[in-house]
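Working notes, beginning with the structure itself.
Heads up: numbering here begins at 1 and tracks the sequence. Side chains are part of it too, since the values below use all heavy atoms of this structure and drop only hydrogens, waters and symmetry mates.
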Amino acid sequence: MDNGRVNDAANHTAETVPGPRSTATGSRLYPRVTSFRSRRGALTPSQQQAWQRTWPRIGREVGDELLDTAAWFGREAPLIVEIGCGTGTATAAMAQAEPQFDLLGIEVYKPGLAQLVHRIEREGIENIRLLRGDAVDVLENMIADNSLTGVRVFFPDPWPKARHHKRRLLQPATMTLIANRLRPGGVLHVATDHPGYAEHIAAVGAEEPQLIGLNTAAGGDDETFRATAPIGFDRPVTKFEGKAHRAGSAITELIWGKIEA
């Protein structure tokens with residue numbers, strides 16, 4: 001299935017993406033081998049035109065300054081971060097279905113972002129903003145503690161070979177970083193079509209003391225938490241995921257909530 005290879009902000013880059021490689025103290029929060037792999041592609045003329053018109057308003061390169069999301073979105077609203085918005089099919093659908101939320105998508109693959117920018121312009125979607133660069137840099141430097149209502153990571157690259165497992169995005173330190181940025185009660189929603197990675201993610205999530213499972217795969221009870229969680233548990237099914245279903249691939253959903261003090 002190509003879904004994970006298309007939709008992960010930590011998977012693809014068309015060229016070198018500018019962005020901070022260190023925290024304000026001069027070193028990373030933790031040593032990390034970047035989890036994105038090289039991918040190239042060209043923008044169509046219509047995508048390039050939409051990019052020139054719209055990106056300056058809704059998009060930014062990853063930096064090292066804390067985001068003022070209220071100023072950027074032009075309103076105060078609960079914020080959801082999507083790590084790996086890819087070409088944005090699910091991103092746009094979720095933003096349109098959830099107008100009460102502001103959605104911040106992170107992606108390194110410019111042609112994928114350009115497709116989403118084109119759709120945002122064409123359909124007049126107002127509650128999406130985009131960052132181009134490494135998602136861990138965003139979480140480390142641009143997002144405040146206890147500020148996110150949700151984090152979504154749909155189909156991150158599983159890096160299936162054992163020697164590449166260190167490149168997987170969802171490692172213990174990243175899980176702690178995400179938990180720190182979630183507000184109490186905030187939700188982390190992960191989906192993967194790779195059984196081995198699903199087991200790894202479940203084990204990492206179970207060890208994070210700030211998180212509690214909200215669905216069965218994460219050690220919780222869907223029916224108990226679905227009605228009270230601040231964001232929905234449902235996802236749009238993309239064409240890539242549809243192919244996986246038809247091929248018999250199982251999709252694992254892992255949903256955690258940040259424990260409220």
Step-by-step side chain to side chain contact (heavy atoms under 4.5 Å, CB included) determination, R235 to E253: CA-CA 10 Å; R235 293 181 300 104; E253 309 271 353; 2.5 Å; yes

Could you go through the side chain to side chain contact (heavy atoms under 4.5 Å, CB included) check for R168 and H194 one step at a time? CA-CA 12 Å; R168 289 174 167 176; H194 189 278; 4.0 Å; yes

Hey, mind stepping through R167 and H164 against side-chain hydrogen bond (donor to acceptor under 3.5 Å, both in side chains) and telling me if it holds? CA-CA 6 Å; R167 295 184 177 273; H164 292 154; 5.0 Å; no

Does the pair D222 and T216 meet the rule for a side-chain hydrogen bond (donor to acceptor under 3.5 Å, both in side chains), with working shown? CA-CA 6 Å; D222 304 60; T216 302; 2.9 Å; yes

Mind running side chain to side chain contact (heavy atoms under 4.5 Å, CB included) on L67 and L104 for me, showing each step along the way? CA-CA 11 Å; L67 284 174; L104 179 62; 3.8 Å; yes

Using the rule given for side chain to side chain contact (heavy atoms under 4.5 Å, CB included), can you reason through Q115 versus R119, listing the C-alpha separation, both sets of side-chain angles and the distance that settles it, and then say yes or no? CA-CA 6 Å; Q115 289 187 51; R119 180 171 177 178; over 6 Å; no

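Taking the ring centroids of F154 and H189, they lie under the 6.0 Å cut-off.
Taking both residues in full, the closest heavy atoms of C85 and T91 are given as CB-OG1, 3.3 Å, listed atom of the first, atom of the second, then distance. In plain terms, the two heavy atoms of N127 and P99 that are nearest each other are ND2-CA, 3.8 Å. Summarising the geometry of A50 relative to E121, their closest heavy-atom pair is CB-OE1, 3.6 Å, with the distance given to 0.1 Å. Taking all atoms of both residues into account, the shortest heavy-atom contact from P111 to A42 is CG-N, 4.3 Å. Taking each heavy atom of P236 and A93 in turn, the nearest pair found is CG-CB, 3.7 Å.
A salt bridge links D102 with R75: the closest approach of a Lys/Arg side-chain nitrogen to an acidic carboxylate oxygen falls below 4.0 angstrom.
Legend: residues meeting side chain to side chain contact (heavy atoms under 4.5 Å, CB included) with P230, ordered by chain and number and at least two apart, are T149, R183, V187. Legend: residues meeting salt bridge (Lys or Arg N to Asp or Glu O under 4.0 Å) with R57, ordered by chain and number and at least two apart, are E126. Looking at residues two or more places apart in sequence or on another chain, you find no salt bridge (Lys or Arg N to Asp or Glu O under 4.0 Å) involving E208. For V138, the side chain to side chain contact (heavy atoms under 4.5 Å, CB included) partners two or more places apart in sequence, or in a different chain, are V62, I106, L131, M142, I143. Residues that satisfy the side-chain hydrogen bond (donor to acceptor under 3.5 Å, both in side chains) test with N180, not counting sequence neighbours, are Q210.
Taking 4.5 Å as the limit, every side-chain heavy atom of I128 sits out of range of all side-chain heavy atoms of I58. Considering only heavy atoms from C-beta on, D234 comes within 4.5 Å of R226 through its side chain. In this structure, the side chains of L130 and L116 come closer than 4.5 Å at one or more pairs of heavy atoms. Contact annotation: the side chain of I83 approaches that of V81 to within less than 4.5 Å [non-hydrogen atoms, C-beta and beyond]. Between R129 and R60, the closest side-chain pair of non-hydrogen atoms is not below 4.5 Å. Residues L103 and L79 form no side-chain contact, since every pair of their non-hydrogen atoms from C-beta on lies 4.5 Å or further apart. Put simply, the side chain of I255 does not reach to within 4.5 Å of the side chain of L188, judged on heavy atoms. Under the 4.5 Å side-chain criterion, counting only non-hydrogen atoms from C-beta, L169 is in contact with V136.
Counting only distance, with no hydrogens or angles, the side chain of K258 and the backbone of G186 share no donor-acceptor pair below 3.5 Å. Side chain of T224 to main chain of G220: no donor-acceptor pair is present (N/O by atom type, distance under 3.5 Å, no hydrogens or angles). Judged by distance alone, the side chain of N141 and the main-chain N or O of E65 form no donor-acceptor pair under 3.5 Å. A donor-acceptor contact shorter than 3.5 Å is absent between the side chain of R132 and the backbone of E61. Between the side chain of Y197 and the backbone N or O of L170 there is at least one donor-acceptor pair closer than 3.5 Å. Checking side-chain atoms of E107 against main-chain N and O of Y109 turns up a donor-acceptor pair under 3.5 Å. Panel note: side chain Q47, backbone T44; a donor-acceptor pair is recorded below 3.5 Å.
Here the straight-line distance linking atom NE2 of H118 with atom CD of Q49 works out to 8.0 Å at 0.5 Å rounding. For the atom pair CD (E199) and CG (L254), the distance works out to 10.5 Å, reported to the nearest 0.5 Å. Rounding to the nearest 0.5 Å gives a distance of 7.0 Å between CG of L182 and CG of L211. Rounded to the nearest 0.5 angstrom, W256 CH2 and I212 CD1 are separated by 12.5 Å.
Counting heavy-atom neighbours within 6.0 Å of E76 CD, excluding the residue itself, gives a total of 12 or less. When the shell of 6.0 Å around CD of E123 is examined, it contains more than 12 heavy atoms from other residues, nucleotides or ligands.
Residues I231 and I259 share a single hydrophobic cluster, defined by chaining ILVMFWY side chains whose heavy atoms lie under 4.5 Å apart. L66 and V151 fall into different hydrophobic clusters, where Ile, Leu, Val, Met, Phe, Trp and Tyr side chains are chained together by heavy-atom contacts under 4.5 Å. Hydrophobic clustering (ILVMFWY, side-chain heavy atoms < 4.5 Å, transitive): M94 and V237 are in distinct clusters.
Residue pairs meeting the ring-ring contact (aromatic ring centres under 6.0 Å, His included) criterion with at least one member in residues 55-104, sequence neighbours excluded, are W51-W55.
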